[in-house]
Q: 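Here's a structure for you.
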There are 2 protein chains.
Amino acid sequence: MPRPSAPILSRELICRTALGMLDRTGRFTVPELAQRLGVSVSSLYHHVSGRAAIVEGIRGLMAAPFAEIPADAPWEAAVVLWARSYRDAFAAHPAAIPALVAQTISDPATLEQYDRIAGLLRGAGFSPNSVVLSITMLDNLCLGAALDVGAPSVIWEDTGRGDSPLRQVLAQASLPDGPDGRSGQAFELELSYIVSGMADLLARDRLAGSWTADGWFPS
Amino acid sequence: MPRPSAPILSRELICRTALGMLDRTGRFTVPELAQRLGVSVSSLYHHVSGRAAIVEGIRGLMAAPFAEIPADAPWEAAVVLWARSYRDAFAAHPAAIPALVAQTISDPATLEQYDRIAGLLRGAGFSPNSVVLSITMLDNLCLGAALDVGAPSVIWEDTGRGDSPLRQVLAQASLPDGPDGRSGQAFELELSYIVSGMADLLARDRLAGSWTADGWFPS
DNA sequence: ACCTGAACACCGTTCAAGT
DNA sequence: ACCTGAACACCGTTCAAGT
């Protein structure tokens, strides 16, 4: 087949198809991707620099439906919205997570989300240190929860027999599996704890700020 | 070379060598591993069922130095010890994390650690649901923190120029990189928040328990 | 500019063969 | 039982060649 009148491929189509393969089969390889697109392997390299770039494109697709945060939202609500978006994005494509996690972020849309939350917290009065620590904590939470949804440990599979402590606890607990059960409830709980902790950080920052900057806070 | 008088290889040696390669070069492949051991590739398969088994062996090696938890330790101290052990184990071999995370746990030593914390919390009075939620939260924290140590996002690299909110915050913050800086401090902070939250869960469990079981709690 | 076929240097796994 | 060499079915990437 010679060159078609209109291009068949595009970066977007390639990444979207790869994500679809991940969703359906849990993996994607370059040859299989080419086959699925009805195209030769080497064609892909005219639109995408390699496998890593495809994965990064997938990250971009997944970051797209990130929630808009109202400019006048209180920081607590914004943080909750941000974290849920982050986590939902992963939960929607659990099979993609291992690929994403194995690779450092370079997708601009994803990086922008971090900028948004950073600016937001700074505006709310958090000190630079507190912003960095808060984002790290939220990142830990979302990434951990994403991995939990994407590849729940055998730990949580109730297939195993035996009467180890963990098995007994699982048998007695009434938490269904999946995003709405154990994983989701733990996420919401942990998120609320972090937000509470952040409120403490903020209170401390305000105290220190007014004290060192203006000196009106009597020693 | 014919069969040597004493076996050259062992599961342990293979896994230990593979872990060493990960630590040094950030990756290991079966051919390179064989070469490093001065052995042919197919020899490995007499001691290990495949690459996945080697990775699982590595998980076992990393779980080995888990801290002993004194039987009479209060649950708060036990949880903190457990989480730090978990996280330190990963932090000691950051390059191994992506390989471990891509694969479901089957290593018995690792599974045992989950049993220990489950039994411990149950003994402290946590309800089954609270145990499951607590372990999930701690797991999220440790895994997220491990990934953070193992493959810190470009987000935290101060190489980038420009004046995005995140860059500004990083420039103004005074948190060095690495386990003792940003990552470690956020871990400790988040851990303390989770422990506080767990105390709430426990208090609620005790209330509900005494109420439903004995009925002495007046409505 | 866009797609192709062929080649390259890998990878993990298997298996009959040796002692 | 333990190690070997050769083969297998893959993988991601490159590149000269076509239009």
Side-chain angles (χ1 to χ4, degrees), chain A residues 1-22 24-59 95-96 98-104 106-107 151, chain B residues 1-22 24-59 95-96 98-104 106-107 151:
Chain A
M1 189 200 301
R3 170 155 82 109
S5 51
I8 304 177
L9 260 31
S10 71
R11 195 186 119 91
E12 161 116 22
L13 178 62
I14 291 172
C15 296
R16 207 171 282 284
T17 307
L19 179 53
M21 292 180 62
L22 276 173
R24 249 178 303 104
T25 71
R27 41 169 266 143
F28 92 91
T29 69
V30 177
E32 284 169 350
L33 175 57
Q35 187 185 17
R36 183 125 235 291
L37 286 162
V39 121
S40 98
V41 183
S42 43
S43 301
L44 302 176
Y45 286 80
H46 287 100
H47 300 267
V48 143
S49 70
R51 194 186 197 278
I54 299 176
V55 170
E56 220 48 29
I58 289 175
R59 201 195 300 277
L100 294 177
V101 147
Q103 197 166 293
T104 32
S106 74
D107 170 67
Chain B
M1 191 200 299
R3 171 155 81 109
S5 51
I8 304 176
L9 259 32
S10 72
R11 195 186 120 91
E12 161 117 20
L13 178 62
I14 290 171
C15 297
R16 208 171 283 284
T17 308
L19 179 53
M21 291 179 63
L22 276 172
R24 248 176 304 104
T25 71
R27 43 170 264 145
F28 92 92
T29 70
V30 177
E32 285 168 349
L33 175 57
Q35 186 184 16
R36 183 125 236 290
L37 286 162
V39 123
S40 98
V41 183
S42 42
S43 301
L44 302 175
Y45 285 80
H46 287 101
H47 301 267
V48 142
S49 69
R51 193 186 198 277
I54 299 176
V55 170
E56 218 49 27
I58 290 175
R59 203 195 299 278
L100 294 177
V101 146
Q103 196 166 293
T104 33
S106 75
D107 170 67

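Order of the sequence lines sets the chain letters (A, B, ...), proteins ahead of strands, with each chain counted from 1. Heavy-atom basis, side chains included; hydrogens, waters and symmetry copies ignored.
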Q: What's the separation between atom NE2 in His47(B) and atom CD in Glu12(B), rounded to the nearest 0.5 Å?
A: 13.0 Å
Q: Checking contacts here: which listed nucleotide (dC15(D), dC2(C), dG5(D)) is nearest the side-chain heavy atoms of Ser42(B)?
A: dG5(D)
Q: Would the distance check show the side chain of Arg59(A) and the main-chain N or O of Leu100(A) forming a donor-acceptor pair, the cut-off being under 3.5 Å?
A: yes
Q: Checking base pairs now: Watson-Crick or wobble, both atom distances under 3.5 Å. What partners dA9(C)?
A: none
Q: Starting at CD1 of Ile54(A), measure out to CG of Leu19(A) and round the result to the nearest 0.5 Å.
A: 12.0 Å
Q: With 3.5 Å as the limit, what N/O pairs link the protein to nucleotides 8-12 of chain C?
A:
from, atom 1, to, atom 2, distance (Å)
dC11(C), OP1, Thr29(B), OG1, 3.2
dG12(C), OP1, Val30(B), N, 3.4
dG12(C), OP1, Arg51(B), NE, 2.9
dG12(C), OP2, Val30(B), N, 2.6

Q: Relative to the 5' end of DNA chain D, which residue comes earlier, Leu44(B) or Ala52(A), by the nucleotide with the nearest heavy atom?
A: Leu44(B)
Q: Whether His47(A) contacts dC3(C) is assessed here as follows: a side-chain N or O lying under 4.0 Å from the phosphate OP1 or OP2. Is that the case?
A: yes
Q: Determine which nucleotide pairs with dC3(C), using a 3.5 Å limit on both distances of a Watson-Crick or G-U wobble pair.
A: none
Q: In whole Å, what is the span from the NE2 atom of His46(A) to the P atom of dC2(C)?
A: 9 Å
Q: Find the distance between CD1 (Ile14(A)) and OH (Tyr45(A)) and round it off to the nearest 0.5 Å.
A: 10.5 Å
Q: What is the distance from atom CG of Leu33(A) to atom CZ of Arg27(A), rounded to the nearest 0.5 Å?
A: 12.0 Å
Q: Looking at Ser43(A), does any N or O in its side chain come under 4.0 Å of the phosphate oxygens OP1/OP2 on dC3(C)?
A: no
Q: For dA17(D), what is the paired nucleotide under Watson-Crick or G-U wobble rules, both distances under 3.5 Å?
A: none
Q: So do Phe28(B) and Thr17(B) actually touch side chain to side chain, heavy atoms under 4.5 Å?
A: no
